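Notes to accompany the following structure.
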Protein chains: 2
Amino acid sequence: MAMAEVAEPAERKPRGRREPNEERIRARNQRLILKAAIEVFSKKGFDGTPISEIAEKSGLPKANVYYYFESKEAIYRAVIAHLIQGWDDALTHIRPEADPRTALEGYVRAKLEYTRKNASESRLFASEIIRGAEYLTRADRQHMKDVTDKAVAIVDGWVAAGQLKQVNARHLFIMLWSATQFYGDFEPLAADALLVKRLTSRHYEDAARTIVDTVLGGILAASA
Amino acid sequence: MAMAEVAEPAERKPRGRREPNEERIRARNQRLILKAAIEVFSKKGFDGTPISEIAEKSGLPKANVYYYFESKEAIYRAVIAHLIQGWDDALTHIRPEADPRTALEGYVRAKLEYTRKNASESRLFASEIIRGAEYLTRADRQHMKDVTDKAVAIVDGWVAAGQLKQVNARHLFIMLWSATQFYGDFEPLAADALLVKRLTSRHYEDAARTIVDTVLGGILAASA
DNA sequence: GTCTATAGACAGATAGAC
DNA sequence: GTCTATCTGTCTATAGAC
């Protein structure tokens, strides 16, 4: 998906295969550019990001950025496409045969972990949604919907089986998503609320416990 | 606070009081500018917002915007200062003498209502935090901390009195803040998750019920 | 594949006529 | 208090030497 956005070099050996070395340089430089782009876009948004800053951060001259990507928008789209792939990972903890407590706790912890280790990516994604999600493709959104639907069906199954109290699974996932997201995306606020300068792994641990205890305490059926 | 940021007109009657009419025009135009600024800033962020667009949206020529505010940053700071005032309102529901269920439910509903009716403001605030909160003054942040501290102390009191189970009040408020905020700031995602094109008051009602039932179910002491 | 130089559009901000 | 014209700088993007 990301590949469609990448500019082709204007001049290339006709019909011949590219040198493996060329490919490696391409891959490396594209990675450098995307990594730098995530940082800058997440801090300044799409309109506020100058390509020159992406170039500087990636150690390449500005013109080279244009050699690898045909426009600023192409870089942005490639970044978005890349980070959508991280969306599902945490949700794999939600499996029908799993015990609800274990599954939901696994999801919350995985989500917190992801947000902590990929803070810039996470903020960029949040930024994109706040601005109205205009660069998310229909396919991206459909994918996220499908993944959500599957998780919702599993929770509904647990409710039907009497393992969980009656709960609106869609709103439940919104709660879990937003709570976990908060610690990474809104770190300055979270740090203020917790009376510290910066969040440490201990705060993430406390967050996980509070979310899991509170939510599970509210929906776990008494018999479970 | 906002006033400190506003440019003084270069030429003014020396020593004389200003005409009431002058004042009215000033107030009206400043209001128009701030209102337009909230909309544009929330969509494009600080760096991505052109003053020309604020001018257009407020119906004034660009030079007039500079007549009332000395810089783009001054407008942004004035907007931030204004919306900080909305921060406390919902928290007034958390009073020590109130019943915990009533108080927390009141808070959640007020917060959802605010986010729904002031979506642009809310998104602008979220955007500012995501970018690292560099335009929030120390005083603004201290104010938010003080208000949070008060609410935390009240919840701790409820826990001590046996009205609530043991819970980390600071993380609890983060949960409530993030969950309620989500429906306004990340509306496209929430709508996708709820299988609709746009959120209506019914969805906000469902959200309130899910949040309150889940969280209160998790922390209300059995005897309460 | 790398990089300097620059075109062309548009930004924030100001001067000064009205 | 209003507004046109303009200065100055920076932006995206490209041309073309190496």
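Given the structure is predicted, the values throughout are model-derived calculations rather than measurements. Naming: A, B, ... by sequence-line order, numbering from 1 per chain.
Scored by the side-chain hydrogen bond (donor to acceptor under 3.5 Å, both in side chains) test, B:D156 finds no partners at all (sequence neighbours excluded).
Distance B:Y76 OH to C:dA13 P: 15 Å, rounded to the nearest Å. Atom C1' of nucleotide C:dA13 and atom CD1 of B:I75 are separated by 12 Å, given to the nearest angstrom. Atom pair B:E53:CD and C:dC10:C1' shows a separation of 13 Å (rounding to whole Å applied).
Sparse packing is recorded around CD of B:E56, with 12 or fewer heavy atoms of other residues, nucleotides or ligands lying under 6.0 Å away. Surrounding NZ of B:K72 are more than 12 heavy atoms belonging to other residues, nucleotides or ligands, all under 6.0 Å away.
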**Request:** Treat primed atoms plus P, OP1 and OP2 as sugar-phosphate and everything else as base, then score nucleotides 2-18 of chain D 5' to 3': B for base contact with protein heavy atoms under 4.0 Å, S for sugar-phosphate contact only, - for none.
**Result:** BBB------SBBB----
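One distance of note links CG of B:L124 with CG of B:N118; it measures 11.5 Å at 0.5 Å rounding.
Within the structure, every pair that satisfies the salt bridge (charged side-chain N to carboxylate O under 4.0 Å, His left out) test and touches residues 114-127 of chain A, not counting sequence neighbours, is listed here: A:E113-A:K117.
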